[in-house]
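Notes to accompany the following structure.
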Number of protein chains: 2
Amino acid sequence: MRIGELAERAGVSTRTLRYYESRGLLPARRAVNGYRVYGDEDLRLVAQIRTLQDFGFGLDETRPFVECLRAGHPHGDSCPASLDGYRRKIAELDALIGQLQSVRDQVTAELVRAEAELPGGPAPRCEMRG
Amino acid sequence: MRIGELAERAGVSTRTLRYYESRGLLPARRAVNGYRVYGDEDLRLVAQIRTLQDFGFGLDETRPFVECLRAGHPHGDSCPASLDGYRRKIAELDALIGQLQSVRDQVTAELVRAEAELPGGPAPRCEMRG
DNA sequence: CATTGCCTTCGCGCGGACGTCAACGTTTAG
DNA sequence: CTAAACGTTGACGTCCGCGCGAAGGCAATG
């Protein structure tokens with residue numbers, strides 16, 4: 001299989017595949033004429049990269065998974081390094097979520113304060129009846 | 001007050017102040033020689049921008065607050081448009097947090113599955129006795 | 001011969017908030 | 001008078017990751 005076919009089957013552009021190769025993922029054997037030659041396993045490899053990308057992994061972060069696959073393991077996450085990759089990403093996400101949550105709370109506090117200070121008088125959230 | 005003094009007092013660079021002006025925030029009067037001239041209210045204006053920036057507001061999103069201040073209101077968030085700005089940002093943050101949470105859960109599920117499939121056997125989270 | 005596919009390398013684009021430099025005018029202190 | 005310090009505009013560089021586009025040339029196939 002050459003680059004065009006792999007690109008079509010994987011649903012990415014040939015540019016993307018060459019880019020992956022330039023980044024050290026997805027190395028390709030070469031035919032005598034210099035054409036890149038791929039096997040079916042490379043399809044799974046690209047699929048693994050895309051999946052992780054969808055999770056917000058950077059290209060570099062997909063490396064352990066890719067190397068795990070290339071080492072012959074059944075899944076990209078069949079290796080300890082990949083699991084660590086998961087764990088790091090989860091920790092990263094938790095940290096980010098926490099920061100965003102904190103900002104969210106601060107902005108909400110500002111909103112509440114500003115609403116209370118409005119010259120038109122505070123807009124009550126609950127109906128006051130007497 | 002000229003640009004250097006305002007920059008120092010506000011804790012930003014002169015480049016930043018000129019940039020704000022170019023973006024339509026922070027318009028400056030000009031002296032006869034063409035120098036930008038600022039008043040004390042501009043200091044509060046810059047402070048308002050920085051505060052919002054810290055909350056993750058883009059420059060454009062600070063516009064209602066800035067115009068509110070320039071309209072003579074006591075705070076940048078003394079205007080309805082500013083409150084809407086707060087609300088939009090909160091909604092934005094909620095959406096983002098939700099997405100990240102979803103991704104986090106998916107990655108966690110992958111991690112759990114991969115751990116269970118490890119050739120070394122699943123690493124139990126709880127001791128099994130008996 | 002034409003078409004299609006592939007090869008390489010170089011450089012561009014995006015988006016936002018600036019940094020940095022150039023080349024020049026102004027003010028101020030010695 | 002001169003030099004430093006400050007001001008002006010304009011244009012380009014940076015960071016970040018993930019690519020895209022195009023030029024110029026070789027390979028395979030009809």
Side-chain angles (χ1 to χ4, degrees), chain A residues 1-39 42 45-66 85 88-89 92-93 96 99-100 103, chain B residues 1-39 42 45-63 65-66 85 88-89 92-93 96 100 103:
Chain A
M1 176 168 30
R2 290 179 305 184
I3 197 171
E5 187 179 348
L6 178 59
E8 181 155 2
R9 289 222 268 165
V12 303
S13 69
T14 59
R15 305 278 310 132
T16 297
L17 296 179
R18 284 192 268 263
Y19 180 62
Y20 289 170
E21 179 175 344
S22 79
R23 299 306 308 269
L25 312 159
L26 195 60
R29 289 157 296 167
R30 297 299 181 115
V32 265
N33 56 17
Y35 284 17
R36 290 172 178 82
V37 176
Y38 302 95
D42 291 314
L45 214 144
V46 177
Q48 173 74 81
I49 296 176
R50 303 308 298 189
T51 299
L52 293 175
Q53 291 254 82
D54 289 345
F55 283 157
F57 282 62
L59 273 189
D60 281 349
E61 294 174 321
T62 70
R63 208 167 296 260
F65 298 82
V66 160
R88 261 205 312 275
K89 180 56 68 178
E92 208 175 283
L93 285 168
L96 183 53
Q99 284 177 18
L100 291 176
V103 169
Chain B
M1 177 172 25
R2 291 179 306 182
I3 197 170
E5 185 179 349
L6 177 58
E8 181 154 2
R9 289 220 270 164
V12 301
S13 69
T14 59
R15 177 72 183 88
T16 297
L17 296 180
R18 290 192 195 101
Y19 180 63
Y20 289 171
E21 180 175 342
S22 80
R23 301 304 311 269
L25 312 159
L26 196 61
R29 287 157 295 168
R30 298 299 181 116
V32 266
N33 55 18
Y35 283 18
R36 290 172 178 82
V37 177
Y38 302 94
D42 292 313
L45 214 145
V46 177
Q48 173 73 83
I49 296 176
R50 304 308 296 189
T51 299
L52 293 175
Q53 291 256 81
D54 288 345
F55 283 157
F57 282 61
L59 273 190
D60 281 349
E61 295 174 321
T62 68
R63 208 168 297 263
F65 298 81
V66 160
R88 262 204 311 273
K89 181 56 69 178
E92 209 175 283
L93 286 167
L96 183 53
L100 291 175
V103 169

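Throughout, a chain's letter reflects where its sequence line sits, starting with A, and its residues are numbered from 1. These numbers come from the heavy atoms of this one structure, side chains and all, not from hydrogens, waters or symmetry mates.
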Practice prompt. Go through residues 8-17 of chain B and report each residue with a non-hydrogen atom lying under 4.0 Å from DNA chain C, sorted by number.
Written response: B:Ser13, B:Arg15, B:Thr16

Worksheet item: Heavy-atom distance under 4.5 Å between the side chains of B:Tyr20 and B:Leu59, does that happen here?
Response: yes

Item to complete: Measure the shortest side-chain to side-chain distance between A:Gln48 and A:Leu25 over non-hydrogen atoms and say whether it is less than 4.5 angstrom.
Response: no

Worksheet item: Are the charged groups of A:Glu61 and A:Arg88 less than 4.0 angstrom apart, N to O?
Response: no

Worksheet item: So, is B:Gln53 near the phosphate of C:dC18, with a side-chain N or O under 4.0 Å from OP1 or OP2?
Response: yes

Discussion item. Measure CE/A:Met1 against C1'/C:dC6 and give the value in whole Å, please.
Written reply: 16 Å

Worksheet item: Below 3.5 Å, does any donor atom in the side chain of B:Tyr35 face an acceptor in the base of C:dG25, or the other way round?
Response: yes

Practice prompt. In whole angstrom, give the distance that lies between atom CG of A:Leu6 and atom P of C:dC7.
Written response: 11 Å

Worksheet item: Hey, are A:Tyr19 and A:Arg23 close enough side-chain-wise for a donor-acceptor pair under 3.5 Å?
Response: yes

Discussion item. Between B:Asp60 and A:Ile3, which residue's closest nucleotide on DNA chain C lies nearer the 5′ terminus?
Written reply: A:Ile3

Worksheet item: Rounded to the Å, how far apart are A:Tyr38 OH and C:dC6 C1'?
Response: 11 Å

Discussion item. Between P on D:dG19 and CG on A:Leu25, what's the gap in Å once rounded to a whole number?
Written reply: 11 Å

Worksheet item: Quick one: is D:dC6 close enough that its OP1 or OP2 comes under 4.0 Å of any side-chain N or O from B:Arg2?
Response: no

Worksheet entry | Whole-Å gap separating C1' (C:dG16) and CD1 (B:Ile49) | 15 Å

Worksheet item: Is it true that A:Arg2 and A:Glu5 make a salt bridge, defined as a side-chain N closer than 4.0 Å to a carboxylate O?
Response: no

Worksheet entry | C:dC7 OP1/OP2 closer than 4.0 Å to side-chain N/O of A:Arg36 | yes

Worksheet entry | Phosphate contact (D:dT9 OP1 or OP2) by B:Arg30 side-chain N/O below 4.0 Å | yes

Worksheet entry | Working for salt bridge (charged side-chain N to carboxylate O under 4.0 Å, His left out), residues B:Glu21 and B:Arg18 | CA-CA 5 Å; B:Glu21 180 175 342; B:Arg18 290 192 195 101; over 6 Å; no

Worksheet item: Which whole-number value in Å describes the distance from A:Leu26 CG to D:dC18 P?
Response: 15 Å

Discussion item. I need the CZ-C1' distance between B:Phe55 and C:dG16, as an integer number of Å.
Written reply: 20 Å

Worksheet item: Across the strands shown, which category fits A:Arg18 at heavy-atom distances under 4.0 angstrom: base, sugar-phosphate, nothing?
Response: base

Worksheet item: Where the side chain of A:Asn33 is concerned, which of C:dC18, D:dC18, D:dA27 is the nearest nucleotide?
Response: D:dA27

Response to the item:
To the nearest angstrom, the CD-C1' distance between B:Glu21 and D:dT8 comes to 11 Å

Practice prompt. State, yes or no, whether a side-chain contact exists between A:Val66 and A:Leu26 at a heavy-atom distance under 4.5 Å.
Written response: no

